[in-house]
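First comes the structure, then the notes that go with it.
Heavy atoms only: backbone and side chains are in, while hydrogens, waters and symmetry mates are out. Computed from a predicted structure; not experimentally measured.
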Amino acid sequence: MKKVISISLAGALVISTIWWLNRGGDDRTALITVGIDGPIPDSMVFDPSEMNAADLYLEETPDTRMTFRRMYYELKPEVSTSLFLEAMADGVQFFITTQPSTLAVESRHLFTNGSALLINTSSTSPLLSGQDDYILRIIPDARSEQAVMARLLNGLSARRVLILQDESNPRYTDPAYAFFTNALAALGDHEITHRKLRVDGFEPEAYRALFEEPFDALYILAGDFLVAIGSIAQFFHYHHAEAPILLTPWARSPMILETMGDALERIVLPGHHPSRSENPAIGDYLTRFRQRFDYEPHSMALFVRQAMELLESAFAAGFKTPVAVKDYLLSKPLHTTSLGPVAFDAHGDIEGTLYIVHDLSGDLR
Amino acid sequence: MKRPVSIWRYNLSHELAALVAAALILIVAVWFTLRDMHKRYLDARMNDVEKIHIMLKSKLDDAGASFDAFMSLPGEMREAPEIKTLFPHFADLFRLDDTYKVDHIYLAKMHSKVFTGYSFSGGPLARLLETATGQHRFSDFMRGHDDDAPSLYLTGKMKGEYFLGRLKLDFIESLLGDYGRFSGVPAFIVSDHGFMMAASNPELGIPSFDLAHWLSMPVEERIFEAGGSTWVPVVNTHPDISGNIVVLIPMELMKSQQQAFFIFLAVLIGSMMVLVLVKNARQRKLIVAPITRLAGHLRSMEEGRSASFPAGTRQRLIEISDIEERFSAMVHAVRQREQQLIDKEKRLENILGGLPVAVAITTLDEKQPIIYSNQLFHHMFGYSREELASVDEFARRVYPDEKYRSFVMERWRGEVARAHRLQDRPRTMEFTVQAADHRLLHVLFSTIILEDQLLVAMVDLTPLRESERKLLHAAQREAQVANRHQHQLQAKLKSSLAASAVAHEINPPLSSILLQCKLALQRGADYRPALEAISSEADRVIKTIEKMRALLRNVETRHEPVNLSDVVESAILQVETKLDQHGIMLRKSGVDQAWIISGDEVQLLVIISNLLRNAIEAVSTQSPGRLRAISVRLEGGVDEVRLVVGDSGPGWSGLELTQTPLSSTKLEGSGIGLYLVRTAATMHQAVVDFGSSSLGGAEARVTFPLYNRHPATPDMDWSPAHAAED
C-alpha cells in the first residue's frame, strides 16, 4: 500500500515537473493566440469561410503552436477597432484580418509600435501601402490590382464602359476607381459612365433606365463578396446580352457566381489565386474544405490559410514577438505556403499578380 | 518482513485509505448517477426538440398547402392584388419559364433584386426546379439567391409553368423565440452547411454552427460556449424540414446538480476525514500515547536508565489505566529486584574485589572482552582496565613472547573448549607471566564456566614457589646436618656402650677385690699393707669408674623433640634377638601413640636398653617352666609420660634403692646399669622409681615431662603439590 502511494506520488511529481517545465521552461511549445475575424453582415447569412478555414487548419495541424480567438465584426469602423483593442487587452499580439479597407484603415494606428502584428488578407487600400508599420499584406494593393483590371478591360475592346462603384466600402473603391481610370486612360480612349451605389441595396427598377443605355462593358467595382453583384450582372446582361462584365477579385465567390444566371458567360473575373483546375494544391484544399464543411468557401479562406502558415513558420522558427515575427517574415525573400508563394517587400506589402479565371463553371464545383 | 510502523500511523493510514476508497466509490457512484440524470435530462430535452420539429413541420405543411393552392389557382386569380393578404407567409412568389427565368412576379419582398427575366438557373434552386412537380417541394434552408438572406424556398410545376416561392422566416423565428422563452433553451435552424438561418436568441451571437462537429449524440462533456454560458448542443435533423434544429441545453442545471452532489460529497468526505482525524487524534492521545510512553519506559528500563513511571495518573480507558497500573506495579517490583540485584552485585563485587586472588570475567565469544576484573587483578599484573580490555590484550601484554603466548592461549582455550563441550570444569593451570614492571610471576589460573561467561581466578604462587625453593634448600642442608649428627650419635653411642661394657666387665672382680680386702682387714693386721694396697687398687678402680661416669656425664647431649614411642621401638628392636634366645614374651602397650618429649635420643635409648637388658637378665634366671615375660608400657598423664618396664623375674632386692653405683641384686651384676639409667634420667629431668610388676617380678618406672605438655599433632601439610592438586 505504502509502495503504491509512494510510486503514485513520485509519478505525480514527475508528471507535474514535466508539465511545469513544458509550461514555463520552453516557450517554443506554448500556444500563441492569434485573433482571426469575420464579417457579420446585417440581415444576411454569415459566411463562415474564414472561421472554418481556421477550424480546418487546427484539425489538419494538430501540433500547431497557434490557437485562435474568433472575432466577429460589423461593417462599422468603431466596432472593428474595439475588437482589436479588446483582444490586445487580453494579450493577443497577432491577428489575421479579413476586414475590408474601410475598416482596416481605421485600425491601422493600433499596429505601429510593434505591440501587435496584423496580417491583412483583404484590404487593398493604398493608405496601408509602403508603411513601416506592423501590418503585413498578402494581397496586392489597389494600385496594382486596378492596373490589372484596367488592362483586362482594355483588352475587352469596349469603348463605352459603365462603372458601378460600391459606395459602402469607399476606402477601397474610391482609390481603386482613381487607379483604374488613370490606368485605363493610359491604355486607351474609353467612354466611362460612372455611378456610385450601395451594391447590397441594388434595386433593378431604380437602374433600369441607366442599364438600358448603350454600353459595351460593365465594371462592377465592388468587393466583400457581395451576392448582389450577381443580380447586377444579371440585370446588365438582361439589357446587354453580349457585353462583358468585369468583376474585381473580391467577387470570386461561388454564391455570387451561382446568382449570375446566363450572365456567367460574359463574366471576366480575375483572382488572386489560379483556378482550382489550374492549381492542384488549391483544388485539393478546396476539396478538403468541402468534404469537411459541405460548402464551397469564398477565396478569403485561401488567404487566411496562407496567413496561418506564415505565422506558423515564424513561430516554429522561435520568433514569438510581433517585432521578431515581422523581422523574420520580411527577412526571407520568399515564403512557401501550401497554396502558393508569398514574397514581401521591405514594407510588408506584396506585388503579386492576378489570375484570370477562365473556367468559372469549374470554380462552382 | 514489512517495516514496522506505529499503531497510530498504521491505523490512520488504513482509515484514510479506506476513506479515500469510500470517497472514490462515492465519487464514481455520484458520477454514474449524475451521468444517468444528465442523460435523462438530455433525453427529455431531445424530446422537446422533437416538439419543435412537429410544430415546425405543421407550419411548413400549412405553407406547402398554401403554395399548392396558389399554384392551382387560375392565372388571373394569382395576379389579383389580394394575393398578398391571402398568402402572408410568403416573401416572394414567382412564375418561371422553363429556363428558370422569372416571367411573372406575383409577390416580392421590399428591395428585392429579382426582376422579370431574373434567372434562377444557377445553384441549388436550379437543381430543385429540375425536380419540380404539381406538389410543392421545399428547398433546404439556404442563403437567399439574390440577397444572401436566410431563406426557405418552395418550387412546383403546374401546367408547364414553374413556380417559386420564398417563405418569410419570421414565423419560424417566432416559433423558436416562443420556445426559447418558455423553455429557457435557445433553439436554432441551421442549414446543412452550418449557416445560421433562424435563432430564438440572436443575442447569443452564434454566427454559424459546425454540424459535422456536433451531430453526434449529446453528452455533457461536449459543451458549447456562447453568450458567456456553456451549453450542450442537440442537433435534430429531419429530411422533411430540410434543415437542422439545434437547441442548446443549458449546463447550468447539470452544473448546479453536479455542484450540489460534489459539495455534498466534499462535505461528507471532509466530515468523515475530520471525524477520522479527530478519532485518531483521540485514539493517539488515549491509546497510542500511553502505549508509546509505556514503550519509552520499557526502553529506558531496557537501556538501564531510570524508568520513572508516574503512578496514579488516571487514564480515560480502563484497559490502558489497568495496563499502566500493572506496569507501575511491575516497575516497582522490578526496581526492588533490580536493587536487590544491585546489592547482590555490589556484594559480589566486594567479594570478588576482596578475594585474595585476582579475578577476571570474560565471555565465550570471539572477542572475549574482560567485562569484570577486581583490583587485585590489576595490582597483580600492573595494568589498568583499559590496558587489559580483552583476553587477547591481556595475553599480548603478560605473555610478550609470542611463542609462549601461543602455547599458553592454545592450552587454555583448548581446555576451556574441552570443559565446555563435556560440561566439565576446566583444569587449573599454572603459567609464568610478566607483570608491567617486568617481574616474572608464577600464576595459577583457575577457570569456571558460567553459561556464556568465564570466571578466571588467578593466584600468585611466586612467594610460595620461593618458599618451597628455600625449604628445599633448607631441607637439604638439614639432611646434611642430621646425617653428620647421626654419625656423631652413633659414635657417642658406641663409646657409651663400650664404657658400659667395660664397667660391666670390671665390676665383678672389683667387687670381689673389695670384699676380700674388707675381710682381710677385718682379720688381722699382717695383711694390712697388702690389703691396703688392694684397697687402694680398688679405690683406684672406683675412681676409674667415677671417671667413666664423668665421662658419660660429659657426653655431649642435644635435646630435641623425640617421640618416646619410636625410641622404645628402637630399643625393643635391639633386644629382640635376646628375647627370642631366652624365650621371653614381650608385651607392649601405648607405643602406637606418639609421646613427644625433649631429650637426647641416644641417652634415652641407653635408659630403655638397660632397663630391658636388666629385665631380660632377671627373667632369664627363672627356672624353666616359669613365666618368662616382659612388659613395656607407655602411659601418659596431663603433662608427663611414664615408661614402665616390668618382668616376671625374682623382683627387686632393695639395693636398687641405693644411689651407689656398682651395687646389684644380681650375683654377677655390678649395679652400673641402673646407675646409668638414673644418670641419664636425671639429664632428662625424669624421675626413676621401682616397684613390683603385675608379671610377678620387678618393675622400673621412668617418668618424663612431655614436650609442650601435650601430645604432638601432625604439622599442617601445605606443600605445593597439595595446593596444585586443588
Residues of residues 221-231 of chain A near chain B, each having a heavy atom less than 4.5 Å away: A:Val227, A:Ala228, A:Ser231
Which portion of A:Phe235 sits near chain B, non-hydrogen atoms under 4.5 angstrom: both
Geometric class of the A:Phe84/A:Phe95 ring pair [parallel <30°, tilted 30-60°, perpendicular >60°]: perpendicular
For chain A, which residues of residues 89-102 of chain B have heavy atoms nearer than 4.5 angstrom: B:Lys101
Passing option when B:Phe209 is tested against B:Phe224, B:Phe195, B:Phe188 for ring-ring contact (aromatic ring centres under 6.0 Å, His included): B:Phe224
Residues in residues 145-155 of chain B that sit under 4.5 Å from chain A, counting heavy atoms only: B:His145, B:Asp146, B:Asp147, B:Asp148, B:Ala149, B:Pro150
Gap between atom CZ of A:Arg288 and atom CD of A:Glu59 - 0.5 Å precision: 11.5 Å
Pair A:Thr97-A:Asp37, side-chain donor/acceptor within less than 3.5 Å: yes
Nearest non-hydrogen partners of B:Leu176 and B:Ala199, listed with the distance: CD1-N, 4.2 Å
Distance in Å, B:Leu277 CG paired with B:Met272 CE, rounded so as to fall on 0.5 Å steps: 12.0 Å
Salt-bridge criterion met for A:Lys196 and A:Asp166 (N-O under 4.0 Å): no
Top contributor to chain B interface from A:Arg292, A:Met260, A:Arg208, A:His237 [non-hydrogen pairs under 4.5 Å]: A:Arg292
B:Asp170/B:Lys168 ion pair, N-O < 4.0 Å: no
A:Met71 side, atom CE; A:Ser82 side, atom OG - distance, nearest 0.5 Å: 10.0 Å
From CG (A:Leu264) to CG (A:Leu257), nearest 0.5 Å: 6.0 Å
Short side-chain to backbone donor-acceptor contact, A:Glu296 and A:Arg290, under 3.5 Å: no
Residues that B:Tyr106 engages under ring pair (Phe, Tyr, Trp, His ring centres under 6.0 Å), provided they are two or more places apart: B:Phe70, B:His104
Contacting region of A:Phe293 [heavy-atom separation from chain B under 4.5 Å]: both
Stepwise ring pair (Phe, Tyr, Trp, His ring centres under 6.0 Å) test for B:Tyr162 and B:Phe120: CA-CA 11 Å; B:Tyr162 290 90; B:Phe120 286 95; over 10 Å; no
Whether over 12 other heavy atoms sit under 6.0 Å from A:Lys76 NZ: no
Aromatic ring pairing A:Phe236/A:His240, orientation class (parallel under 30°, perpendicular over 60°, tilted between): tilted
Part of A:Arg70 lying under 4.5 Å from any heavy atom of chain B: neither
